[in-house]
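Below: the structure, in structure tokens.
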Amino acid sequence: MTGKSGNIILIGMIAGAALGVMGGLWLGDVFLATAFIGTIFLNALNMVVIPLVVASMIVGITSLGDISKLGRTSGKTILFYMTTTGMSVFVGLILVNIIHPGSGVELWQTEIPEMVKSSDKKGIIDVIIGLVPKNVFKAAAEGKILPLIVFSLLLGGVLSAIGEKARTVISFFEGFSLAMMKIVHLIIYIAPLGVMSLIGTIIAQNRDSVEQLVSGLGWYSFTVILGLSIHGLITLPLLLKYLGNRKPFPYFLNMGPALTTAFTTASSSATLPITIESVEVKNKVDSRAASFVLPLGATINMDGTALYEAVAAMFIAQIWGIELTFGQQVIIFLTATLASVGAAGIPHAGTVMMVMVLNAVGLPLEGIGLIFAIDWFLDRCRTTVNVWGDSVGAAVIAETKEFSNSGGGTILSRLFGKK
Ligand code: ASP
């Protein structure tokens, strides 16, 4: 996709979002007739995400050259992700203590949402066990990205070790990952319509809760959005500039389609194909780094979700009039960070993981019912920051010495054989 058509797509997506907002507000239920377009867009993204992730990770790993780089890269990636997540929770906790959004909010009748009640409560050990898939095809069919990352790492690693004899298999995955990328380009052409439909539908369905957004839950939403803005517009750009050696604004603009898709779908996983495209093709980040860092980020790095979990837990404590000590806030800091690692990249996953944070400090689970009314909106905002955080991570890791000394390799060089 050339720069020019990329710009047209971005303008199209923004126009689509604007039309969606107007359609949803003015036409209400009539707009729901367009919902099928959004479903097709979402299906198309989900269709391509698993084959794309598996193939591009295998290619990324086999083209690393020296396999010991993989260990160092993984360590640095996880360290960077955990640090940024910690920074974002910290910002959230400071804001919620200053703004105190829960004061004066009346406790209205509320109960634990069905989605939270019926979720299988997973501990950290279950998450670790789940990393190794019993059946890789079942994991793929269920869209579970983490176990597939583990499988692709193993496969890529042994293919590298086998060397010449594995050449055909490696070439197969090279061709396959390019083909998946081409499909992503095609999907991006229908993105403006998909965005319009998804935004309009969700607004039409939630017109009533717009009132709650500005009344009882107004200060709470304001705190979350302010925290997300500080992290997304100040902290991450500074890291991008100084650790990633990139100009933040152009990098951000190039991420436009991915960020708009994140906001529209509320799913980091569904957005992943477009995130990979925007990072590798538009921002020209070394594809060996990006193909590893981005899938991992879409599942374990959720800065926005972590911030939201911490603010939401504190807000619930404030409403119930429970004063949390410094020690308890440290527990919230840690559990919010862990909950965001464990949350899947799908809509509302972070809210379901709230159970872990609330239980850790003994807060009432009914609180989730209270904030659920506007989760459709805040979920979108935090998912956008989650995806932005992943893309900054890719640029920073691509600058580490594992990649910067070895000539780089953008997806364009793979596609057209030029550097
Ligand atoms: N929807 C978010 C994501 O996909 C996860 C969450 O619910 O916070 O990144």
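In each ligand, atom 1 is the first atom listed, and ligand 1 is the first ligand listed. These values consider heavy atoms only, across backbone and side chains, with no hydrogens, waters or symmetry-generated copies. Computed from a predicted model, the values in this text were never measured in an experiment.
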Would you say the side chain of [Y] lies within less than 4.5 Å of the side chain of [X], judging by non-hydrogen atoms?
X      : Y      : answer
Met180 : Phe176 : yes
Asp390 : Val293 : no
Tyr308 : Ser340 : no

May I ask you to list the atoms of ligand 1 that are less than 4.0 angstrom from any heavy atom of [X]?
X      : value
Ser267 : 4 (O)
Thr305 : 5 (C), 6 (C), 8 (O)
Gly350 : 6 (C), 7 (O), 8 (O)
His348 : 7 (O)
Ser268 : 3 (C), 4 (O), 9 (O)
Ala266 : 1 (N), 4 (O)

- Relative to atom 5 (C) of ligand 1, which among Val352, Val387, Ile346 owns the nearest non-hydrogen atom?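 Residue with the shortest heavy-atom distance to the ligand atom: Ile346.
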- Of the listed options Thr351, Asp375, Thr383, Leu307, closest to atom 2 (C) of ligand 1 (non-hydrogen atoms):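 It is Thr383 whose heavy atom sits nearest to atom 2 (C) of ligand 1.
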- Query: Restricting to pairs with a member in residues 370-385, which pass salt bridge (charged side-chain N to carboxylate O under 4.0 Å, His left out), not counting sequence neighbours?
  - Reply: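 For residues 370-385: Asp375-Arg382, Asp379-Arg382.
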- Trp219 ring center near Phe315 ring center (under 6.0 Å):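 No - the distance between ring centres of Trp219 and Phe315 does not fall below the 6.0 Å cut-off.
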- Message: Between Lys284 and Glu280 (salt bridge meaning N to carboxylate O under 4.0 Å), is one present in this structure?
- Response: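 Salt bridge absent between Lys284 and Glu280.
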Side-chain atoms of residues 32-51: list all donor-acceptor pairs with protein atoms under 3.5 Å, sequence neighbours left out, distances to 0.1 Å.
| from | atom 1 | to | atom 2 | distance (Å) |
| --- | --- | --- | --- | --- |
| Thr34 | OG1 | Phe31 | O | 2.9 |
| Thr39 | OG1 | Ala35 | O | 3.1 |
| Asn46 | ND2 | Leu42 | O | 3.2 |

- Examine ligand 1 and decide if any of its atoms is less than 4.0 Å from a heavy atom belonging to Ala349.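 Ala349: in contact with ligand 1 (<4.0 Å).
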